[in-house]
Amino acid sequence: MVRNIYTIDSVFERYGYDERIDFIKGWCILCVVLNHCIENMKEVLFPLWGSPAVALFILIQVFHAYKKGVLSAKTNWSSIWKRILKPFLIVQFILITLWFLCYDMSFTDQLKMILYKGGKGPGTYYVWVYIQIAFLLPLFAPFLHKSGKYIKLITFVVISQLSEILFCILSCPDYLYVLLCPRYLFLVYLGFLLATTRFSITPFTIFLSLLSLLTLIFFSYSNIHLAPLFYNHPYFTTCHWPAYYYVSLLLLFLLLCLYRHLSFNRKMIARMFCRMGRQSYEIFLLQMAFFSVMDIFPLRPWFNAMAGEVWGELFYVLFSVAICVIPILVYSDMKNYKNEKKI
């Protein structure tokens with residue numbers, strides 16, 4: 001009999017507000033900002049704790065869709081338009097206009113560059129992946145509801161692996177690989193488990209997580225290309241289905257332990273992460289705009305010239321995080337204060 005080291009009925013609250021979700025999202029959005037301003041990320045083991053941020057965001061997206069019952073999963077397109085797509089398009093309009101004014105490029109070349117990347121700024125692909133996942137979740141619901149647990153697992157492994165092979169065989173362009181969601185589909189299965197089953201840490205699940213971690217390390221640090229089994233992308237080396245079990249179990253568990261520790265010993269830090277999580281999409285849009293402006297008016301060389309390479313790099317990272325996070329939190333506080341004053 002396998003002894004459970006740690007077991008709870010559900011990782012997150014299924015029927016009410018759960019602050020831990022905001023904490024996880026806060027950690028993830030901080031990692032997104034760091035991902036776009038830190039150089040030599042492999043030297044600080046970023047692929048193991050920071051690069052999986054998008055996978056965790058999608059895992060939480062699936063959890064929210066399925067937490068009250070798989071068949072109840074419906075996509076609120078009105079909410080997606082107001083909350084996700086409309087603000088994104090407004091930011092894109094501003095950035096594209098600025099780009100046209102600052103660069104002497106033909107309209108055709110500009111349009112191609114924008115279409116290839118899904119927009120201007122780092123992380124624009126995530127919006128299109130989010131929409132694709134939102135479209136697919138209700139379609140997967142009947143299968144997830146009716147099928148046995150091993151059929152579900154085998155099906156998603158097969159779908160995920162076939163998509164990798166097809167991307168390789170068809171010589172899919174890197175830009176198209178980035179904009180499409182198949183590399184994240186295994187997270188639909190893992191998110192379903194997160195929403196509907198007990199969360200158990202056992203010697204066996206730890207073994208699987210460590211095995212998954214080893215694949216993540218291999219994909220991140222090895223120069224061996226596994227095509228046609230796995231698509232080789234220079235910047236998305238961690239986005240392969242074998243690595244996601246570590247993300248959805250061991251990494252998630254460690255982040256929950258971090259939340260528990262901070263909530264007892266460093267409450268202000270825990271609250272800061274939760275606040276960032278509640279405003280994660282707004283921070284995402286601001287960092288998109290900020291780093292786009294940095295492409296036009298780069299500040300990193302200025303920081304390095306003023307303080308030296310090491311300290312200049314540190315100051316640039318701190319400055320980038322501050323610019324992307326603090327204005328959003330201040331605006332949120334001002335908005336809440338006005339609302340309280342009206343009441």
Side-chain angles (χ1 to χ4, degrees), residues 8 10-14 18-36 38 41 45-67 84 122-123 125-134 137 156 160 178 181-197 199 201 205 208-209 212-213 215-217 219-220 235-260 262 270 272-284 287 324-325:
I8 55 177
S10 176
V11 182
F12 301 122
E13 177 61 48
R14 292 174 182 163
D18 193 330
E19 189 177 67
R20 293 172 298 175
I21 292 179
D22 284 336
F23 179 85
I24 300 294
K25 290 167 64 179
W27 171 272
C28 290
I29 196 60
L30 176 62
C31 290
V32 168
V33 176
L34 292 176
N35 184 44
H36 296 144
I38 292 181
M41 292 182 295
L45 302 180
F46 193 80
L48 308 186
W49 55 269
S51 296
V54 171
L56 283 170
F57 270 127
I58 293 174
L59 196 71
I60 290 172
Q61 178 187 359
V62 178
F63 171 82
H64 279 308
Y66 291 152
K67 66 181 180 180
I84 304 295
Y125 74 91
Y126 172 72
V127 175
W128 307 113
V129 168
Y130 179 94
I131 291 172
Q132 292 168 64
I133 296 290
L137 288 178
F156 275 93
S160 301
V178 171
C181 73
R183 68 185 181 279
Y184 294 116
L185 285 181
F186 195 63
L187 289 166
V188 174
Y189 168 73
L190 294 172
F192 163 79
L193 293 182
L194 191 68
T196 60
T197 61
F199 184 80
I201 300 292
T205 57
L208 290 179
S209 291
S212 177
L213 175 59
T215 66
L216 179 61
I217 294 172
F219 288 134
S220 302
Y235 301 115
F236 289 83
T237 56
T238 63
C239 297
H240 301 296
W241 69 266
Y244 291 146
Y245 191 79
Y246 155 75
V247 175
S248 66
L249 189 80
L250 191 56
L251 180 59
L252 183 61
F253 175 70
L254 292 174
L255 289 175
L256 290 173
C257 290
L258 178 63
Y259 165 79
R260 182 178 176 83
L262 292 176
M272 179 63 69
F273 274 109
C274 292
R275 291 179 64 198
M276 290 168 59
R278 286 191 288 272
Q279 306 296 325
S280 59
Y281 190 65
E282 289 79 5
I283 294 172
F284 169 74
Q287 67 84 36
C324 295
V325 172

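Sequence positions, counted from 1, serve as the residue numbers for this chain. These numbers were taken from a predicted model, which means no experiment stands behind them.
The aromatic ring centroids of F284 and Y130 lie 6.0 Å or more from each other.
In this structure, L252 and V247 have side chains that are not in contact, with every pair of non-hydrogen atoms separated by 4.5 Å or more. For the pair Y244 and Y184, the minimum side-chain heavy-atom distance is below 4.5 Å. Annotation: side chain of V32 is in contact with side chain of Q287 (closest heavy-atom distance under 4.5 Å). Looking at heavy atoms from C-beta onward, R275 lies out of side-chain contact with Q279 at the 4.5 angstrom threshold. For the pair Y281/I29, no side-chain contact is recorded, criterion being any heavy-atom separation below 4.5 Å from C-beta on. I21 has its side chain within reach of F63: a pair of non-hydrogen atoms, C-beta onward, lies under 4.5 Å apart. With a 4.5 Å cut-off on side-chain heavy atoms, V62 and L194 do not count as touching. Between F219 and C239 the shortest side-chain heavy-atom distance does not fall below 4.5 Å.
A donor-acceptor pair under 3.5 Å is formed between the side chain of R183 and the backbone N or O of V178.
In this view, D22 and Y17 satisfy the side chain to side chain donor-acceptor pair (under 3.5 Å) rule, not counting sequence neighbours. When the side chain to side chain donor-acceptor pair (under 3.5 Å) test is applied to T205, the partners found at least two apart in sequence or on another chain are T202. Every residue two or more places apart in sequence or in another chain that forms a side-chain contact (heavy atoms from CB on, under 4.5 Å) with S220 is listed here: P47, L216, T237, T238. In this structure, the salt bridge (charged side-chain N to carboxylate O under 4.0 Å, His left out) partners of E282, at least two apart in sequence or on a different chain, are R83. When the side chain to side chain donor-acceptor pair (under 3.5 Å) test is applied to Y259, the partners found at least two apart in sequence or on another chain are E19.
With rounding to the nearest 0.5 angstrom, the SG atom of C28 is 12.0 Å from the CD1 atom of I283. The CD1 atom of I24 sits 12.0 Å away from atom OG of S280, with the distance rounded to the nearest 0.5 Å. One finds the CG atom of L193 at 11.0 Å from the CG atom of L187 (value rounded to the nearest 0.5 Å). Rounded to the nearest 0.5 Å, atoms NE2 (H240) and OG1 (T215) are 9.5 Å apart. Interatomic distance, Y189 OH to F156 CZ, rounded to the nearest 0.5 Å: 9.5 Å.
Classification of the W27-F273 ring pair by plane angle, with boundaries at 30° and 60°, yields tilted.
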Please step through side chain to side chain contact (heavy atoms under 4.5 Å, CB included) for the pair I131 and V127, ending with a clear verdict.
CA-CA 6 Å; I131 291 172; V127 175; 4.2 Å; yes

For V188 and Y66, run side chain to side chain contact (heavy atoms under 4.5 Å, CB included): C-alpha distance rounded to whole Å, both residues' side-chain angles, the deciding distance at 0.1 Å, then the answer.
CA-CA 10 Å; V188 174; Y66 291 152; 4.2 Å; yes

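For Q61 against L137, the heavy-atom pair with the smallest separation is O-CD1, 4.3 Å. Residues Y246 and S212 come closest through the heavy atom pair N-OG, 2.9 Å. Residues M276 and V325 approach most closely at CG-CG1, 3.9 Å, considering heavy atoms. Nearest heavy-atom pair, L190 versus S248, reported as atom, atom and distance to 0.1 Å: CD1-OG, 3.6 Å. Counting all heavy atoms, side chain and backbone alike, K25 lies closest to G277 at CE-O, 3.5 Å.
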Check residues 49-59 and write down every donor-acceptor pair under 3.5 Å in which the side-chain atom is one partner and the other belongs to a residue at least two apart or another chain.
unit_1: W49; atom_1: NE1; unit_2: V44; atom_2: O; d: 3.0
unit_1: W49; atom_1: NE1; unit_2: L45; atom_2: O; d: 3.1

